There are 2 protein chains.
Amino acid sequence: MPDWITQFPGLSRLEPAVRDALTRKSAVIAVPKGTVIFGPGKSPENLLLLLEGRVRVQQVSEGGREIVLYRVEAGQSCVLTTACLLAHEDYSAQGIAETDVRAVAIPRAVFDELVSQSVAFRNFIFTAYSRRITDLFQVIEDIAFQRVDIRLAQKLIDLERGARQIKATHQQMAAELGTAREVVSRQLGEFQRRGWIRQSRGTIDLVDIAGLERLAALDAG
Amino acid sequence: MPDWITQFPGLSRLEPAVRDALTRKSAVIAVPKGTVIFGPGKSPENLLLLLEGRVRVQQVSEGGREIVLYRVEAGQSCVLTTACLLAHEDYSAQGIAETDVRAVAIPRAVFDELVSQSVAFRNFIFTAYSRRITDLFQVIEDIAFQRVDIRLAQKLIDLERGARQIKATHQQMAAELGTAREVVSRQLGEFQRRGWIRQSRGTIDLVDIAGLERLAALDAG
DNA sequence: GCCGTTCAGTGACGATGTCACCAAGTGGAA
DNA sequence: TTCCACTTGGTGACATCGTCACTGAACGGC
């Protein structure tokens, strides 16, 4: 039983008894890349705390269009799961493992017990909750008021994780921004013409990140 | 001390001791129409449960543009307040009393106590929480993928509360949808030409709601 | 009535979304 | 290997939406 709790700063102040119960009654699970962890209409059975990997949460509309809402990274819990667990409701969006994922699975009953017994656990859960709501507000503001070229530049910088390269099709980038593929194609074409990126099928190389950053910094100007 | 608890279906199953503590330690307050109840950067002191009236929660961008996120009606609690209370963070949006409001104010300390002691109270709070997240997802999907004429028709139907009339400027309707005033002016002009509405300064009369509903029903077609 | 302010209407144009279609790249099957 | 189906990306035409500049009407205080 590894002491994974140290990986979650918010859980370091957990009361010893609660901490013990948490490690005893939860399991560490592995989920392969690409797995649909939850989807609309499904009922959540466990709260997941991510140890390794990344989960993408997205909304899928009737017309088949997709938009990425947020990502859950290592050290975080999934807010949507929390909401559904607490309200005893089904999921309204979809969660997909973007990488291989290792996570702590806390069964619903144990979660209820921890929430009621531990102030520290509640703080951990609901701090994440609040941040996520703020994130969603930001997503709404961006979609409503921000130009796509600026948002695309920001997203490229955001998705580049030191690799200076992004593995994604134009269609996937469109889903990130909630726009159409053609728009992404044209904007990336423009970025390439300016020498900021180089494209090949399925990958985008960031050549001049500073250039992208200048555009991204224009923000709500 | 009136027994306002009966106005909240979710609180009817409250444990007697908890119920007693709640009525003793909270106060009923009155807030006049137009009051800014909370705003960005403010720290929440009380959780409000609305007895009467309506609160509008909206995001205000740097450029001064506004977008309505959701409304809190009688019988509901404000999710954003809950989030901020639990996470000990400041507000990221703005709440305005759209009507005169009567509400139960639960101090932060009492809220923490109730959340930890009562399963029923937690369910009450977090069911609202989950619904609101789902609402926000819907707002995102609408802004990203839905045509404005359809959204405007839906909003007109939504805001008409039996009065067959809406008191709002074009600017305010634009904020409801996160679009520009000019767009609303043109769409409402088109609606009027079709005989669905009649306009005068500051008010919109819904003449043919069935017509609006036909348009609104097109949805993600 | 006068006047400043708010509200609504409009044309022009740029930005974005939609549709239709084509070309190139990719990988599996014959 | 060649062939073929599928995925990915590129592009023009057009519709919708957002922005800008400006106008005039309606309203409220004086």
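As the structure is a prediction and not an experimental result, all values here were calculated from the model. A note on names: the letters A, B, ... follow the listed sequences, proteins ahead of strands, and every chain is numbered from 1.
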Side chains of [Y] and [X]: any donor to acceptor distance under 3.5 Å?
X	Y	result
A:D158	A:Q154	no
B:Q187	B:D149	no
B:R132	B:Q76	yes
A:S130	A:T127	no

#### Entry: Per A:R65 side chain, nearest of listed nucleotides D:dC17, C:dT18, D:dG10
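Closest nucleotide among those given: C:dT18.
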#### Entry: Of the listed nucleotides C:dA8, D:dC17, D:dG9, the one nearest the side chain of A:H170
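The answer is D:dG9, which lies nearest to the side chain.
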### Task
On DNA chain D, check which nucleotide each of A:G202 and A:A144 is closest to and give me the residue with the more 5' one.
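This one resolves to A:G202.
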Hey, does the side chain of [X] come within less than 4.0 Å of [N]'s phosphate (OP1/OP2), counting only N and O?
X	N	result
A:Q172	D:dT8	no
B:T179	D:dG18	yes
B:S185	C:dT10	no

Rounded off to whole Å, could you give me the [atom1]-to-[atom2] distance for the [X] and [N] pair?
X	N	atom1	atom2	result
A:R147	D:dT19	CZ	P	11 Å
B:K167	C:dA8	NZ	C1'	16 Å
B:L177	D:dG18	CG	P	9 Å
A:I143	C:dT16	CD1	P	14 Å
A:I166	D:dG9	CD1	P	13 Å
A:Q199	D:dT7	CD	P	20 Å
B:L188	D:dC17	CG	P	13 Å
A:E141	D:dG18	CD	P	15 Å

Presence of donor-acceptor pair under 3.5 Å, side chain of [X] and base of [N]:
X	N	result
A:R201	C:dT26	no
B:Q171	C:dC7	no
A:R151	C:dT16	no
A:R181	D:dG10	yes
B:E182	D:dC17	no

### Query
A:G189 near the nucleic acid: base, sugar-phosphate alone, or nothing, with a heavy-atom cut-off under 4.0 Å?
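Nothing, no heavy atom under 4.0 Å.
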### Query
Counting any heavy atom closer than 4.0 Å, what does A:Q187 reach on the DNA or RNA strands: base, sugar-phosphate only, or nothing?
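Here A:Q187 touches the backbone only, sparing every base.
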### Message
Please check: side-chain N/O of A:R151 versus main-chain N/O of A:L177, any donor-acceptor pairing under 3.5 Å?
### Response
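Flag set: sc A:R151 to bb A:L177 pair under 3.5 Å.
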#### Entry: All salt bridge (Lys or Arg N to Asp or Glu O under 4.0 Å) counterparts of A:E182, not counting sequence neighbours
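A:E182 satisfies salt bridge (Lys or Arg N to Asp or Glu O under 4.0 Å) with no residue once adjacent residues are dropped.
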